[in-house]
Amino acid sequence: MQSSPISGRIILAGHPNVGKSTLFNLLTGKKVHTGNWSGKTVSVSEGYGVHNKKKYIIEDLPGMASMSEPHAEEISAFEAVASGNFDCLVVVADATNLTRSLSLALRLMELTSRVVLFVNMYDEAVKKGITINSSMLSFMLGIRVVVGTAHKKSSLLPLWDAIENVALGKSTQNVFTPLYNEETENTLASFSYDRKETIRHIYTSPHSFASLKAEMSQKVTELASSIAKVCSVRSKPPSRHKADKILTHPIWGTVFMLTVLFLVLYITIVASNYPSGLLSTFFSSLGVHVSHLFLSLKLPPFIAGILTEGIYKTTTTVISVMLPPMAIFFPLFAILEDSGILPRIAFNLDDTFKKCGSCGKQALTVCMGLGCNCVGVTNSAIIPSEHERLISILTNSLTPCNGRFGAIIACISIFLAPGSPILSAFIMALVLCFSFLTTLLASKCLSSTVLKGERAPFILELPSFRRVNLLKVTISALTDRTPSILLRAIMVSAPMGALIYILNYFNLLLPIASFLNPAGLFLGMDGILLLSFILSFPANEIVFPVALMLYTQSGTMVEYSSYSALYSILSQNGWTWVTAVCFIIFTLMHWPCSTTLLTVQKETGSIKWTIASLILPVLFGIIFSCIFNIIFGLFV
Amino acid sequence: MKLSMLNVGERATLSPSNTPHSLFLRLTDMGMSTASPIECLFKSLSGGMKAYLIGSSVVALRNEDARLIEVITK
Ligand SMILES: Nc1nc2c(ncn2[C@@H]2O[C@H](COP(=O)(O)OP(=O)(O)OP(=O)(O)O)[C@@H](O)[C@H]2O)c(=O)[nH]1
Ligand SMILES: [Mg+2]
């Protein structure tokens with residue numbers, strides 16, 4: 001199919017959070033991330049879809065909340081529509097908020113007649129007692145209208161038919177265009193372009209024509225509202241936002257947020273313990289066969305060592321340490337993301353972030369960072385103000401990503417709360433609260449020094465809650481996110497495993513470790529730990545395994561199966577609870593992993609900010625672990 | 001009066017006398033118009049933001065920003 005000619009280009013536009021990416025995934029069979037909050041998609045993604053043996057390019061545009069006062073990604077979406085460089089524009093509408101979707105559709109229809117309206121979220125609408133008369137809608141707008149649900153394959157065929165019809169120009173559409181009041185129409189006519197060019201000119205001139213834009217916008221909303229009234233019936237009164245009143249209550253809201261955090265961690269800790277041990281045992285018994293295999297191949301021992309002791313053991317350790325918490329955390333997190341709870345957290349925390357020179361949306365990027373810092377950095381694009389966005393990017397790695405959870409949880413379970421998962425989860429929650437405070441502190445430092453700026457107005461949409469399809473979300477989080485992140489970790493840890501084996505083989509590691517020892521001791525740790533942090537620059541996941549390998553001098557990774565075995569290894573090497581805490585502090589705050597740094601470079605386009613994002617957490621880590629070591633080192 | 005002065009549960013309509021500044025423009029694109037009332041739905045945990053029903057969307061604004069919007073109550 002790859003080489004067959006392209007029959008057309010289809011672009012998907014619409015408000016944020018109406019299901020464009022979900023529809024894109026349905027049309028292309030791809031798996032772009034979706035989430036119940038505005039601005040999940042921040043850059044254009046492209047894919048291919050096939051219908052009637054014809055291949056189409058499909059583009060998923062970022063959501064357009066505003067044409068009159070657009071942000072950067074909205075301008076690019078508008079340009080894509082205004083350029084006319086497509087064969088069919090699918091405007092995705094939200095059946096539960098038809099007026100608003102129609103007002104965008106009406107305005108885009110002023111730019112092109114090659115439009116199909118897909119009224120999405122019909123399942124939600126039905127639950128709310130809303131029915132939509134699609135033929136009436138199609139008649140009034142003069143375009144093809146398909147009503148459906150982007151999660152369901154059954155919506156696919158009618159949509160493709162409509163798209164094909166428009167894209168291949170089988171029939172021309174006589175689209176409805178709004179008529180404004182006399183004054184506005186006169187102003188529009190006074191431009192020296194035709195109507196389309198005039199509209200395009202107005203919306204691509206930021207900060208000009210403000211009154212005209214306001215006038216047109218309100219007029220279109222009125223029109224949209226009357227069309228929506230004629231074409232839809234609501235049989236139940238709208239909801240009264242009961243859940244929101246609880247979530248935003250001064251006491252219950254706080255209790256709820258902390259409980260969710262605790263539960264997510266508790267489930268992650270308890271449920272990942274067992275499979276971790278199981279995987280580790282499995283890999284080590286498999287490892288015996290792997291070694292035998294290499295023996296029988298008569299490879300030189302050095303090479304066989306690199307393959308088994310280096311590559312095989314490193315990657316399998318990383319898998320058994322990383323996979324279970326990830327496989328449990330990501331689905332839990334996806335459920336939070338799809339339900340619509342995250343924007344409420346941003347709403348509640350805005351005051352706090354405002355005091356630190358940022359805004360509530362940073363709470364969203366912090367939450368994303370818990371999964372993976374690269375995602376947190378990329379999603380910082382939802383913050384429109386430039387300096388607030390930079391604050392969010394630079395501080396994101398202070399939030400421990402999932403790859404760092406394993407080591408922190410292990411330290412807690414071995415030294416701070418042996419044998420008690422509840423206490424471990426509680427301490428882990430405290431650790432996250434601490435990392436949250438350091439994020440705030442760093443934001444405050446940045447905003448009052450290098451990243452000073454005007455406070456921008458802050459608008460946050462609170463999407464309606466949706467019941468999450470648990471099974472579907474769990475499966476997609478497991479099959480989509482988990483493998484890609486795991487694969488990245490493996491790709492990085494395999495060569496690192498080989499490198500560490502080689503360095504160790506030539507006895508190069510321990511001298512470096514002893515060279516680093518004074519610095520390590522100063523930070524409450526030792527040279528081996530510091531070296532492990534340096535060696536795991538490509539992937540944070542391997543810090544703990546590398547450290548264990550160096551401690552035991554086994555030249556290979558140590559099995560991770562029992563905490564008591566780990567306790568004896570670590571305490572023989574001088575670990576106390578203070579070492580454990582300093583290690584946790586440094587795990588929270590040191591250099592971001594290489595991938596995150598590359599992402600920062602890509603997002604900011606600046607070496608200066610990339611270096612800043614490297615130095616900031618290192619400074620914090622040095623200061624905090626040093627202080628902790630000086631104060632509490634006296635007690636042990 | 002200012003939108004920020006609206007208490008939870010109260011409604012108002014948009015005043016025609018607003019100047020079209022950037023916040024105003026974004027909000028009109030989100031469905032704010034003189035034709036439909038605005039209702040204050042609930043406050044954030046510490047009270048710095050309020051959520052409003054604007055058109056048919058729930059939009060949260062900081063009080064200092066909501067001060068920039070003029071509304072009329074009956
Ligand atoms: N119930 C229901 N949920 C849907 C439907 N389509 C999408 N969703 C959910 O709505 C949310 C938003 O979907 P996305 O596809 O991320 O929306 P988007 O338009 O790409 O949003 P932005 O990227 O923020 O502009 C997700 O949680 C989806 O799972 C649908 O037809 N029915
Ligand atoms: Mg999207």
Side-chain angles (χ1 to χ4, degrees), chain A residues 15 64-71 96-100 103-104 107 206-207 210-222 224-225 228 238 240-241 244-245 247-251 253-254 257 343-344 346-352 354 359-360 455-464, chain B residues 2-4 6-72:
Chain A
H15 277 291
M64 303 161 82
S66 172
M67 276 165 63
S68 312
E69 189 63 27
H71 298 149
T96 63
N97 195 345
L98 197 58
T99 303
R100 199 177 150 195
S103 65
L104 181 69
R107 300 168 97 184
H207 315 306
S211 326
L212 190 65
K213 285 174 182 166
E215 187 57 48
M216 289 165 72
S217 175
Q218 292 191 52
K219 177 69 194 174
V220 167
T221 302
E222 279 168 38
S225 149
R240 294 316 305 165
H241 309 283
D244 272 321
K245 295 215 164 102
L247 281 186
T248 57
H249 187 274
I251 298 167
T254 319
M257 289 198 297
R344 270 75 186 177
F347 177 62
N348 279 338
L349 292 176
D350 178 62
D351 270 346
T352 316
K354 192 174 80 183
C359 69
R455 186 168 289 165
F458 177 56
I459 303 178
L460 179 71
E461 275 215 69
L462 302 177
S464 49
Chain B
K2 319 266 184 230
L3 180 59
S4 56
L6 218 57
N7 291 319
V8 172
E10 289 179 348
R11 288 166 159 233
T13 41
L14 186 66
S15 153
S17 68
N18 276 290
T19 45
H21 49 75
S22 65
L23 176 73
F24 181 82
L25 278 178
R26 268 198 90 82
L27 290 175
T28 51
D29 279 358
M30 298 173 106
M32 184 174 76
S33 87
T34 44
S36 64
I38 302 174
E39 183 182 343
C40 177
L41 294 175
F42 46 87
K43 285 195 268 198
S44 74
L45 225 137
S46 44
M49 280 193 117
K50 282 183 198 155
Y52 304 90
L53 187 67
I54 293 181
S56 39
S57 319
V58 181
V59 178
L61 294 175
R62 287 176 177 167
N63 294 332
E64 70 214 57
D65 293 337
R67 241 197 325 267
L68 302 173
I69 308 285
E70 278 291 331
V71 292
I72 312 168

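Lettering follows sequence order; numbering is per chain, from 1.
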Pairwise distance CZ(B:F42) to OG1(A:T248) - rounded to 0.5 angstrom: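 Answer for the CZ-OG1 pair, B:F42 versus A:T248, is 5.5 Å.
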To the nearest 0.5 Å, what is the distance between OG (B:S22) and NE2 (A:H207)?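 So the OG of B:S22 and the NE2 of A:H207 are separated by 8.0 Å.
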Is it the backbone or the side chain of [X] that comes under 4.5 Å from a heavy atom of chain B, or both, or neither?
X	value
A:R107	side chain
A:H15	side chain
A:E222	side chain
A:A346	neither
A:T254	both

Can you tell which of A:K213, A:R344, A:E215, A:M67 has the highest number of heavy-atom pairs within less than 4.5 Å of chain B?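 Most heavy-atom pairs under 4.5 Å with chain B: A:M67.
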Closest contact, heavy atoms only, [X] versus [Y]:
X	Y	result
A:L462	B:A51	CD1-CB, 3.9 Å
B:S56	A:T99	OG-CB, 4.4 Å
A:A214	B:P20	CB-CB, 4.0 Å

With no hydrogens and no angle check, is any side-chain donor or acceptor of [X] less than 3.5 Å from a backbone partner on [Y]?
X	Y	result
B:R26	A:E69	yes
A:Q218	B:T34	yes
A:S217	B:T28	yes

Chain A interface, residue from [options] that has the most non-hydrogen pairs under 4.5 Å:
options	value
B:S57, B:G48, B:G55, B:G31	B:S57
B:L61, B:L68, B:T19, B:V8	B:L61
B:L23, B:L27, B:L25, B:I54	B:L25

Answer with side chain, backbone, both or neither: which region of B:L14 has an atom nearer than 4.5 Å to a non-hydrogen atom of chain A?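 Side chain only.
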With B:D29, the side chain to side chain contact (heavy atoms under 4.5 Å, CB included) member among A:P70, A:S103, A:S68: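 The side chain to side chain contact (heavy atoms under 4.5 Å, CB included) with B:D29 is passed solely by A:S68 among A:P70, A:S103, A:S68.
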pair [X]-[Y]: side-chain heavy atoms closer than 4.5 Å:
X	Y	answer
A:R455	B:R62	yes
A:H249	B:L45	no
B:D65	A:F458	yes
A:F347	B:V58	no
A:S66	B:M30	no
B:V59	A:I459	yes

Would you please say whether a donor-acceptor pair under 3.5 Å links the side chains of B:S44 and A:N348?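 Not at all, the side chains of B:S44 and A:N348 share no donor-acceptor pair under 3.5 Å.
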Determine whether more than 12 heavy atoms belonging to other residues, nucleotides or ligands lie under 6.0 Å from atom NZ of A:K354.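 Yes, NZ of A:K354 has more than 12 neighbouring heavy atoms, counting only those of other groups under 6.0 Å.
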